[in-house]
Amino acid sequence: MSDFNADLPLSARAMAARPAPYLDGLNPEQRRAVEALDGPVLMLAGAGTGKTRALTARIAHLLSSGRAWPSQILAVTFTNKAAREMKLRVGGYLGDAVEGMAWLGTFHAISAKLLRRHAELVGLKSSFTILDSDDQLRLLKQLIQAENIDDKRWPARLLASIIDQWKNRGWRPDQVPASEASAFNNRGTEFYAAYQARLQSLNACDFGDLLLHCITIFQAHADILESWRKRFRYILVDEYQDTNTAQYLWLRLLADGHKNICCVGDDDQSIYGWRGAEVGNILRFERDFPGATVVRLEQNYRSTPHILAAASQVIAGNEDRLGKTLWTEAQTGEKVRLIGHWDGEEEARWIGEEIEDLHRGTRGLDPFALNQMAILVRASHQMRAFEDRFLTIGLPYRVIGGPRFYERMEIRDAMTYFRLAVSPADDLAFERVVNTPRRGLGDKAQQTIQGYARKAGVPLVQGAALALQDGAIKGKGAAALRELLDGIARWHRAAGGTVPAGAADDLIEVIAPEGGRAAQSHIELAEQILEESGYTEMWQNDKTPEAPGRLDNLKELIKALESFENLAGFLEHVALVMDNDSDGSDDKVSIMTLHGAKGLEFPVVFLPGWEDGLFPSQRSMDESGPKGLEEERRLAYVGITRAEQLCTISFAANRRVYGQWQAQMPSRFVDELPAAHVEVLTPPGLYGGAGMGHSSVEARATRADAYNSPGWRRFQAAQSRPVSQPIAARNMVIEGSAQAVFVAGVRVFHQKFGYGRVAEVEGDKLFIEFEKSGPRHIVAKFVVPADQADDVPF
DNA sequence: AAGGCGATGTTTTTT
DNA sequence: ACATCGCCTT
């Protein structure tokens, strides 16, 4: 301990007077990553190599060495969960000083904070609202319908995803390249511009805008950028492999001054390419930041050597990677187990019994708690078989990643009312709840209101007031609308002190000049809003089985308000922090997707459904070709490396796919597992494994030497080849020729959808009317001209 | 304004 | 197979 102090840089020596507990127990690489404070640093952290540890130690080091104040460190994560975790861990080293880390958060939360300060530079007020995807979709749909476009063929969903992708790439409407001009029936950019204009008039922005507006501001206002560069003296980025282009630009802008940026990530765990993540960002880091210090964390503290070997072998099949070699000091442990089943139900049955055995503690292994075990699936529909089975045998389980609390209908409705109370001029909010509960204000009444609002150029609430004055809405609807408007005005006044003063006050006078005041606390106000609006009552009168649960959720929502000072603060939080992590403390088996499992670890992991088409997913390969396959392989890598002690991979010979039974081929990833580290098990009733009569692990999962032989593996390899090979071959044949060949009217062939005719060409995508399966958008390289279909090897 | 019916699409998910 | 959605009927 005493002699290393002499070698440390000045800052650290100054610190040596105090102990530096955060350096204790770091391995040499971690230590290097912690101590290389200045200039660009890339920390390539393999699975289970203590990345968070190094990252938090680095923050602690920056602070205790006096390089930066807490408020001068920008620490960016992707999820709120990761941000919380980091805050917690840094707090462990620093105590209360973490509270000063005002800029530790997600890209979006930090961007929102920045944007509130400079909103006017992009035509927004600092009180702008952040739209959720419901609002976004509703808005786009209006735009599409206003143009009299068939929203069947050109759905708002498609437009939303196109615009999202563009925003992910950092393109504002005027920056969308010409190559995208054909998107959305040649009108994509036009709609994008219209959408942005509409957002601006609503004083709103979507998630993509949070980043994009920041970029716009930074690019246009050197002085502002400069001041933020000065403030953020050190930048840390977690999960850098998941950044998209917009996030990359955002980071570059902030880091390009001092270049004190430390990016942490693992190219082998990049599994979000489909939503815009660019692995290229991490692969390119050294070129982007010349002279960067690159640290590889390769010592794994999580898994047994067999598990690591299996994971390493699988991921070695990828071309596009920086390359790391995980190693561990651990000597012993179970091999990765591989087992085939007759069908998906049997797979679920077997895993259920296996879990019970492991829980009980058979076979000389210590018993595992249920919450030490997890089942990781490729697609959520696989979960069903497990849920069914576990319900019948009474095995407690928890599904992680289902619909989230704040996405439930009743929660969104309730929050929409809160939104109206805070900003009565929020047209999207008004639209959403004007007839929820039913107030007799159907399409016709709503159109009347729209008409009045548009004609007078005022928000919908005011349009509604005008329509009432004019007597344009009659009867029951009129009375109910009057009541709603009075309510909104009353709630707004009650929320008064907490709302940025000004704008809405005149509006309130217009819609309800003689309203009273009401509740004191925002919690009382919230309850009152739900009561007076009739929303609670609506669910009380609802006879469907889910109604009681929804009422419970509403109570929970009210409870959640307690930790906020006012409604506006709460809404901001919810817009950005839409998570619902169960605490994991009760003893249940976890069922989740491979994506959901990233960043987690479990002593015992089951990886079912390793079948070609399911995993790797056919769609991924169809849509993204070899790149897609590589991403699937990374997913396999993520799955295996979640396991600490026991990892069991399985596949079924038959599986029901969309109601049809299908014969399944074992995944090509099964062939990529290293035989020396895998133990092949035989299920009961097959290959002589049956008849032992017990449900012990020995009896059900016999060591099946006959099937552990090279011959068995070769047999498997031979079987899966006819499936996997032609797909790759096909792509090679077709690529290159694709762009030139297709024009509207050409008859084409697609391996899955059969024959069809090209209706439209949109860049590299074709809109094809398939003879059997109807119209579809298809990437051109996956179809061949019909007259060449026979040349395609099968 | 509610309920029924046929068409439709079915990987992964955050903010 | 199955759930969801939009439209259509009552």
Side-chain angles (χ1 to χ4, degrees), chain A residues 76-83 105-112 130-133 136-137 141 151-153 155-158 161 164 167-168 205-211 239 242-244 246-247 270-277 344 376-385 400-404 406-407 435-445 476-477 542-544 572-580 592-599 609 613-624 628 631-632 634-635 638-639 655-662 753 773-777:
Chain A
V76 209
T77 64
F78 271 83
T79 62
N80 294 295
K81 192 175 158 200
T106 62
F107 276 103
H108 292 88
I110 290 171
S111 295
I130 301 168
L131 295 197
D132 60 30
S133 51
Q136 191 185 2
L137 234 42
K141 201 164 174 180
D151 63 350
K152 272 274 164 49
R153 204 165 147 199
R157 283 212 143 290
L158 177 66
S161 79
D164 273 348
K167 288 185 174 176
N168 285 341
C205 67
D206 63 22
F207 284 117
D209 286 337
L210 293 174
L211 277 286
E239 306 281 15
D242 289 336
T243 48
N244 61 37
Q247 288 155 342
S270 163
I271 54 175
Y272 286 111
W274 50 271
R275 67 177 197 210
L376 312 183
V377 297
R378 175 63 183 84
S380 43
H381 65 248
Q382 290 173 263
M383 294 178 177
R384 178 142 184 191
I400 296 185
R404 289 170 302 174
Y406 290 112
E407 272 168 14
N435 202 28
T436 310
R438 308 262 174 222
R439 296 191 170 90
L441 298 164
D443 277 356
K444 239 187 110 209
K476 245 176 74 182
D542 191 299
K543 296 286 175 280
T544 57
E572 170 84 356
H573 172 85
V574 169
L576 293 167
V577 187
M578 297 258 272
D579 58 5
N580 87 106
M592 65 184 101
T593 62
L594 288 163
H595 285 91
K598 191 162 132 208
L614 180 59
F615 186 45
S617 129
Q618 190 60 50
R619 192 154 163 194
S620 181
M621 294 185 292
D622 283 352
E623 287 177 3
S624 317
E631 185 154 308
E632 294 287 306
R634 291 193 288 267
L635 215 35
V638 166
R655 196 174 287 275
R656 233 191 328 219
V657 181
Y658 304 142
Q660 302 283 124
W661 279 100
Q662 268 196 358
F753 305 123
S773 53
R776 246 167 229 288
H777 294 268

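Below, read A as the first sequence line, B as the second, and so on, with proteins coming before strands; counting in each chain starts at 1. Both backbone and side-chain heavy atoms feed into the values below; hydrogens, waters and symmetry mates do not.
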Indicate, with a heavy-atom threshold strictly under 4.0 Å, whether A:T79 touches base, sugar-phosphate, or nothing. sugar-phosphate

Once you apply a heavy-atom cut-off of 4.0 Å, does A:K598 come out as touching a base, just sugar-phosphate, or nothing? nothing

When you measure from the side chain of A:S620, which nucleotide among B:dT11, B:dT13, B:dT15 comes out closest? B:dT11

Would you mind telling me which of B:dT15, B:dT12, B:dT11 lies closest to the side-chain atoms of A:R619? B:dT11

Testing C:dA3, B:dA2, B:dT12 for proximity to the side chain of A:R438, the answer is B:dA2

Length of the line joining A:L210:CG and B:dT14:C1', which is rounded to integer Å: 12 Å

A:R378 CZ to B:dT13 P, straight-line distance once rounded to whole Å: 9 Å

Quickly work out the A:E623 CD to B:dT11 P distance and round it to whole Å. 9 Å

The side chain of A:K141 lies closest to which of these nucleotides: B:dT14, B:dT11, C:dG6? C:dG6

Rounded interatomic separation in angstrom, taking CZ from A:R275 and P from B:dT13: 9 Å

Grab the CG-P distance between A:D132 and B:dT15 for me, whole Å please. 14 Å

Rounding to the closest angstrom, what is the interatomic distance between C:dT4 and B:dT11 at atom P? 15 Å

If you check every side-chain atom of A:H595, which of B:dT13, B:dT10, C:dC2 has the closest atom? B:dT13

CG on A:D242 to CZ on A:R275, rounded to 0.5 Å: 6.5 Å

